Each structure stands twice: as C-alpha cells, then as structure tokens.
Protein chains: 2
Amino acid sequence: MLDAAAELALEGAWGTGVDGIAARAGVSRTTVYKWWPSSAAVLLEGLLERTRGTIESTPSATTREALAGYLTALVIVVRDSPAGALLRGLTAASVADPVVGRALIVDWLAPRRGAVVRLLIEGVRRGEVRPGLDYEVVADVLFAPIYYRLMYEHQPLTDRLAEQIMTVSWPGIAAVDATTESTRITK
Amino acid sequence: MLDAAAELALEGAWGTGVDGIAARAGVSRTTVYKWWPSSAAVLLEGLLERTRGTIESTPSATTREALAGYLTALVIVVRDSPAGALLRGLTAASVADPVVGRALIVDWLAPRRGAVVRLLIEGVRRGEVRPGLDYEVVADVLFAPIYYRLMYEHQPLTDRLAEQIMTVSWPGIAAVDATTESTRITK
DNA sequence: CATATACTGTACATCGTGTCCAGTAATTCG
DNA sequence: CGAATTACTGGACACGATGTACAGTATATG
C-alpha cells in the first residue's frame, strides 16, 4: 500500500486529486479515504518514503564542504526529481490545511534542519564555526533561498546555487579566527 | 473600484472566494468577473494598492543599516498586517495558476529585490559592499528566510529576525577591507 | 430621445471533496 | 465448517467553489 503512495509521489501525480490517485493506484476512491485524510497526505507519505535516504549528510573534510554538499544535494532533489513539484504542491496545500503544514515541518523540514544544525554544532567543536550563532536562523539562511526559488521560480535552481549561498553566508558562519578559511572564501 | 479591492485585501479576505469578495464589496458576483479573472487577481491588486509606499528604502547612514531596516520593515508588514496572510494565499494560488505566479514576481518580489540590489550597488560604490557578488543570490539570501518563515511557520517572524539575517549574511556581503564593520558584527 | 456602458441576480454546468451505504471477497477464529 | 472480522468496490449524494450565460435595470453620454 505504501508502494502505491511512493509510486504515485514519484509519478509527479500532483493536481490529479483523490480520484486520480485512486485510479493510478488501481484502487477505489473510498479505499484511499480509508487510509488517508486527503490527497496531500498520500503524496506526502509517498514523498517521504522515497526520500528516506536524503536526510543524513555525507562525511566531508570541512564543515563548509559538508554544508555545501548538503545544499547541493537538496537542490538536485527538488529540481531533478518530482519531489520539487510535490513540495510545491504540498506547500500550497499547507496554507489551507494546517495538518499538512505540520506534517511538512515535522517530516520534511525539521529532519533536514536538524542535520544542518548537527553539522554546525560539530563545526563549533572543531573550531570551524563561530560559536553563539542562532542555529535556527543559520538554517533559514542556508535553506530558504532554495525553497524560495522552488516556490516562486523567479530565478532558476542552478547547479551553482548551493555554492553561491555558501559564498554569501559562510563568512558570517565561519569562526572568526579561521582566517585561512574566510580569506579563501573571500576571493 | 480599486478602493474595494484594496479594502478587501486589508480585511484579510482570504479563503472567501469570489462570492465572499463580491458580497463584501457590495457588488454582484458577475461584476467581479467582469474586471478580474480570479479572486487571487482581485486580492493581489488590492494588496499592491495598499503597499505602494513600502517598496523604496529609507535613507540610512550605512548600507548595512539600510538593508537591515528594509528587512525589518518587510517582516513587520507581513507579520502585522493582512499582507502576510494574503501573500501566503497568493503564493499557494501561484502554484496552480502561473498567471498569479508571474504577477507575484513582477509586482511584488521584483520591485523589492530591485530596491535591495540598488542598495548593494550603491554600497559597492561607497566601498561598503564587496564587489563581484551575484546580486540575485544576495537578494535571495536576505529575503528568502522571511518568506520561508511566512510560508511554513516553523519559526516565528520575530522583531529580531531581520537583524539576525544580517548578522549571518553581512560578513559575506561587506567589503573585505571594511574591518571595522565586519569585526563589529562578529561580536 | 437613443445608445452605449456598467451592474444585477438568477440560473446553470462543472469539478473536486468527502461521506454514506449496500454488496462482495478473503481471512481469521471458534 | 460456519461465523465474524476486515478490506475493498462502486455508485450515489450533498456540498462548496468556479466560471459562464442571459435577460433585465440604471445611468450617463451624445
């Protein structure tokens, strides 16, 4: 049953409604409602199912590289897989449906923000990240531009975006005495 | 007629649909459709009408102060006026309706991004801002956290948010030889 | 006075949502 | 083996919102 949800999510089945989902899954309309409260819930579950492996960060030499890699991976997921369209749709649905909104925060945003916060804390320990920062704000600054471009499409989600975000934000994140780092970034 | 639209926008008339808008404006359903293609179009026009004065930046001593002030003003508008709820709704609508999306970019986002880019260019001229930055990316990093919090509400739009965004991002925006500035920010 | 323009109000077709219900198939349990 | 539970079917229906059509009314303009 979860297979169907995951399958549907990756088919980019947005805008089809419950009817479309039921038809695509080969089950009855009623059956869908038996297990999920809305089409958004089905697709969110499918999305989460298919993106389980994209939460944890891959090991990197430096904190900066780890963060850049993490953001790059996110850009690629939301741009090159149906996850992006799904996220756009779910975000739109979350405006009218608080339950979807909570689920998006808890099951999609929070785990990823948590991974970045862990990287930052580890970075502080290693002396690469400035202590005393508000990690929530740093997570916002790093992640938000990606979702911003995903939602409004005023600018494309390029391959370089993650690195560009780092270029602007890293000097404010890096430990101040790490002159080597910040100078290298600077130019 | 524009009065009605503006009035409605500031009543926080989201989710009422065309019927609700017509009723609130004291006109007939049909009349609304005569002038606007959708309820989103009405509310967007009303929103723009009532926020005309919030695009240009107020003069400030330094570029950093100007940017911080600009972001603070935006936070206050989207948090303390119906503009926030309206923007959330319009953003949601833009996912399904590309016309609304374009209008949002052209009439809401772009003017504000343009104002920030002008501040940045002026800052470069004054030697306060690092040359060679991608202004679009800087605008994303500065604005995106606000819209991100507006949309997902995973964290509140606090009074301090604008300053916190500046704390993280300014060191990467400031001219490198402006040691006074960047050191002051640092701690 | 005649005409164009704007507005009214109702009716109607359409679509997606969510619920209800009677009937069926398969599984589990006594 | 028979009975009860559980899951699924598919059709009907109520509801709300969208968008269009149309005949009629008010008002201003020439």
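Keep in mind that this is a model prediction, so the values were computed, not measured. Proteins come first, then strands; the chains are lettered A, B, ... in the order of their sequence lines, and each starts at number 1.
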In this structure, are over 12 heavy atoms from other groups packed under 6.0 Å from R126(B) atom CZ?
-> yes
Rounded to the Å, how far apart are [X] [atom1] and [N] [atom2]?
X      : N       : atom1 : atom2 : result
W36(B) : dC7(C)  : CH2   : P     : 9 Å
L43(A) : dG16(C) : CG    : C1'   : 15 Å
K34(B) : dC7(C)  : NZ    : P     : 7 Å

Closest listed nucleotide, where the reference is the side chain of [X] and the choices are [options]:
X      : options                  : result
W35(B) : dA6(C), dC8(D), dG9(C)   : dA6(C)
D19(A) : dC8(D), dT18(D), dT17(C) : dT17(C)
V27(A) : dT9(D), dA7(D), dC7(C)   : dT9(D)

Indicate whether OP1 or OP2 belonging to dT8(C) is found under 4.0 Å from a side-chain N or O atom of T31(B).
-> yes
Below 4.0 Å: OP1/OP2 of dT18(D) and any side-chain N or O of S38(B) = no
Apply the test salt bridge (Lys or Arg N to Asp or Glu O under 4.0 Å) to residues R79(B) and D159(B): give CA-CA distance (whole Å), side-chain angles for both, the deciding distance (0.1 Å), then the verdict.
-> CA-CA 10 Å; R79(B) 185 192 61 192; D159(B) 287 323; 2.9 Å; yes
Does anything in residues 42-51 of chain A pair up under salt bridge (charged side-chain N to carboxylate O under 4.0 Å, His left out), and if so which pairs, sequence neighbours excluded?
-> E49(A)-R52(A)
Remember a base hit wins even if backbone is also touched, and classify G26(A) as base, sugar-phosphate or nothing at under 4.0 Å, heavy atoms.
-> sugar-phosphate
Exam field: side chain Y147(A) to backbone R88(A), donor-acceptor pair closer than 3.5 Å | no
Sugar-phosphate means primed atoms, P, OP1 and OP2; the rest is base. With that split, encode nucleotides 19-26 of chain C 5' to 3' as B, S or - using protein heavy atoms under 4.0 Å.
-> BBB-----
Give the intermediate values and the outcome of salt bridge (Lys or Arg N to Asp or Glu O under 4.0 Å) for residues R125(A) and E122(A).
-> CA-CA 5 Å; R125(A) 205 188 56 74; E122(A) 173 67 10; 2.8 Å; yes
Taking atom OH of Y148(B) and atom CG of L109(A), what is their separation to the nearest 0.5 Å?
-> 4.5 Å
